[in-house]
Student: 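What follows is a single structure, and I will ask about it in a moment.
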Number of protein chains: 2
Amino acid sequence: MFADPASTIPDNTGLSALETAVIDFFVSIVRVVGIPKSVAELYGLLYVAPRPLPLDTLMQRLRMSKGSASQGIRLLRSFGAVRSVYVPGERRDHFTAEVELKRLAAGFIREEIQPRLVQGQEKLDHLNHLYETSRPSGPDTAFYDDRIQRLGTWSRRSREVLPLLGEIIA
Amino acid sequence: MFADPASTIPDNTGLSALETAVIDFFVSIVRVVGIPKSVAELYGLLYVAPRPLPLDTLMQRLRMSKGSASQGIRLLRSFGAVRSVYVPGERRDHFTAEVELKRLAAGFIREEIQPRLVQGQEKLDHLNHLYETSRPSGPDTAFYDDRIQRLGTWSRRSREVLPLLGEIIA
DNA sequence: TTTTTTGTTCATTTTTTCTTGAACAGATTG
DNA sequence: CAATCTGTTCAAGAAAAAATGAACAAAAAA
């Protein structure tokens, strides 16, 4: 039987087997989306925490620096994976994990993916301008036309699909 | 007007403005999926190339080492973003870019995403076993049950959605 | 007001990832 | 066969990303 994390580890140090396993899971999948390990750890611990946790509990139990914890929580909050909740009689901020997959996906797409696509679109605008100003001549004109146009299609398509992704998941 | 890349740069060195702009586009968006810059450059150059290119042309024009070019091409081939084509009378391998977004997505999902999800699933199996063997007691049992179960739902959902993603894009 | 608590910022260090280049192996040519 | 060409591998170096910890600011308590 698992020890109750809250009661067994009163000094806020170390992790139970259950907590370790949950965090391990998040660490392994989060690499897919290019998020630092420490951020996955923070989220993982909050995910299995029955009650909101303050920053110093997170840093003590995960053995990470205050700076990492602070920055990690900021990132997680930026796309709504973690919320700060008011705990009566407590001065410190307490954090809790958002567990709705749809919201997690939506927040991540909005904050992490969309901005990159915007940047890509800017590059594409530049490219199109360049291409319209002076098209290459010769036998490969049709080829270049096709390739340039295709990039535009990709860009449009991904902007269409991305918002849908949240819906599909839910 | 653009100079024809093939004719203007006979020494296989340097890039035209068009090529640079296309490569720049790929470099900017490819970071989203955690692929090295050099790989984006290889793909970008092949994408705008009217004819298949051999390895040493790629490395010369992109000014990258033979090792990088070789490894980059291998990665691109592994998920079908680049194919090698036979060029009559040519001894060297020549490469050409796959431009069907659907195939690109499918290959990437199959080779890069799926394996990570499998790894996540293994962690989850371990977690479930741990949890079944010894469930925590106390007032938070229902909470833990919910959280553990939810992970399973996420895992299943993502396995359902991922293959669909290819279809949606097309 | 002074002291303590809480959290942020950012220069530095550490770790991870990417790139290079040289050694190697296989295939082709002379 | 030797010489050349082509491509791969991998140890070492370079670059990029992440984590640390100390200095700082803001808010609350004493």
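Letters go in sequence order (proteins before strands), and every chain restarts at 1.
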Student: Just verifying a value: how many Å separate B:Arg74 CZ and B:Ser70 OG, rounded to the nearest 0.5 Å?
Tutor: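 These two atoms lie 6.5 Å from each other.
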Student: Would you say the base of C:dT6 and the side-chain of A:Arg91 have a donor-acceptor pair closer than 3.5 Å?
Tutor: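 Absent.
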Student: Could you check how far CE of A:Met59 sits from P of D:dA18, rounded to whole Å?
Tutor: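 Between P of D:dA18 and CE of A:Met59: 20 Å.
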Student: Rounded to whole angstroms, how far apart are CG on B:Leu55 and P on C:dT20?
Tutor: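 Checked: the CG to P distance equals 13 Å.
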Student: Could you tell me whether the side chains of B:Glu132 and B:Asn128 share a donor-acceptor contact shorter than 3.5 Å?
Tutor: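 Side chains of B:Glu132 and B:Asn128: no pair found under 3.5 Å.
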Student: Quick check on D:dG7: is either OP1 or OP2 less than 4.0 Å from any side-chain nitrogen or oxygen of B:Ser70?
Tutor: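 So the side chain of B:Ser70 is outside the cut-off, no N or O lying under 4.0 Å from OP1 or OP2 of D:dG7.
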Student: Could you check how far CD of B:Gln71 sits from P of C:dG21, rounded to whole Å?
Tutor: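 Going from CD in B:Gln71 over to P in C:dG21 covers 14 Å.
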Student: Starting from C1' on C:dT29, measure out to CD on B:Glu90 and report it in whole angstrom.
Tutor: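 Rounding to the nearest Å, CD of B:Glu90 and C1' of C:dT29 are 15 Å apart.
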Student: OP1, OP2 of D:dA27 versus side-chain N and O of A:Arg92: anything below 4.0 Å?
Tutor: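 So the side chain of A:Arg92 is outside the cut-off, no N or O lying under 4.0 Å from OP1 or OP2 of D:dA27.
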Student: For the base of D:dG21, is there a side-chain donor-acceptor partner from A:Lys66 under 3.5 Å away?
Tutor: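 No, no donor-acceptor pair under 3.5 Å.
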Student: Just by distance, with hydrogens left out, do B:Gln119 and A:Ser28 show a side-chain donor and acceptor under 3.5 Å apart?
Tutor: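 Side chains of B:Gln119 and A:Ser28: no pair found under 3.5 Å.
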Student: Within the pair A:Ser68 and D:dT20, is there a side-chain N or O less than 4.0 Å away from OP1 or OP2?
Tutor: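 For A:Ser68, the contact criterion (side-chain N or O under 4.0 Å from OP1 or OP2 of D:dT20) is met.
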Student: Tell me the interatomic distance from A:Phe95, atom CZ, to C:dT8, atom P, rounded to whole angstroms.
Tutor: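 Taking CZ of A:Phe95 and P of C:dT8, I get 7 Å after rounding.
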Student: Looking at A:Glu98 and A:Arg77, is there a salt bridge between them, counting it only when a charged N and a carboxylate O are closer than 4.0 Å?
Tutor: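 Judged by the 4.0 Å cut-off on N to carboxylate O distance, A:Arg77 and A:Glu98 do not form a salt bridge.
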Student: Are any of B:Arg63's side-chain N or O atoms less than 4.0 Å away from OP1 or OP2 of C:dT20?
Tutor: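 So the side chain of B:Arg63 is outside the cut-off, no N or O lying under 4.0 Å from OP1 or OP2 of C:dT20.
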Student: When the distance from CZ of A:Arg77 to P of C:dT8 is rounded to whole Å, what number comes out?
Tutor: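 Distance, rounded to whole Å: 7 Å.
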Student: Does B:Lys37 or A:Ser65 map to a spot on DNA chain D nearer the 5' end, using the closest nucleotide for each?
Tutor: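 The answer here is B:Lys37.
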Student: Return the value, rounded to whole Å, for the distance between atom CG of B:Leu58 and atom P of D:dT6.
Tutor: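 Distance check: B:Leu58 CG to D:dT6 P gives 14 Å.
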Student: How many whole angstroms separate atom CG of A:Leu53 from atom P of C:dT6?
Tutor: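 Distance, rounded to whole Å: 15 Å.
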Student: Specify the residue among A:Glu41 and B:Arg74 whose closest nucleotide of DNA chain D lies further upstream toward the 5′ end.
Tutor: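 Looking at the nearest nucleotide for each, B:Arg74 comes out on the 5' side.
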Student: Ignoring backbone atoms, establish whether B:Ser38 has a side-chain N or O less than 4.0 Å from OP1 or OP2 of C:dT19.
Tutor: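 Yes, because at least one side-chain N or O of B:Ser38 sits under 4.0 Å from OP1 or OP2 of C:dT19.
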Student: So, applying side chain to side chain contact (heavy atoms under 4.5 Å, CB included) with B:Val39, which one of B:Ile73, B:Val27, B:Val82, B:Leu75 is it?
Tutor: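 Of the listed options, the one satisfying the test is B:Leu75.
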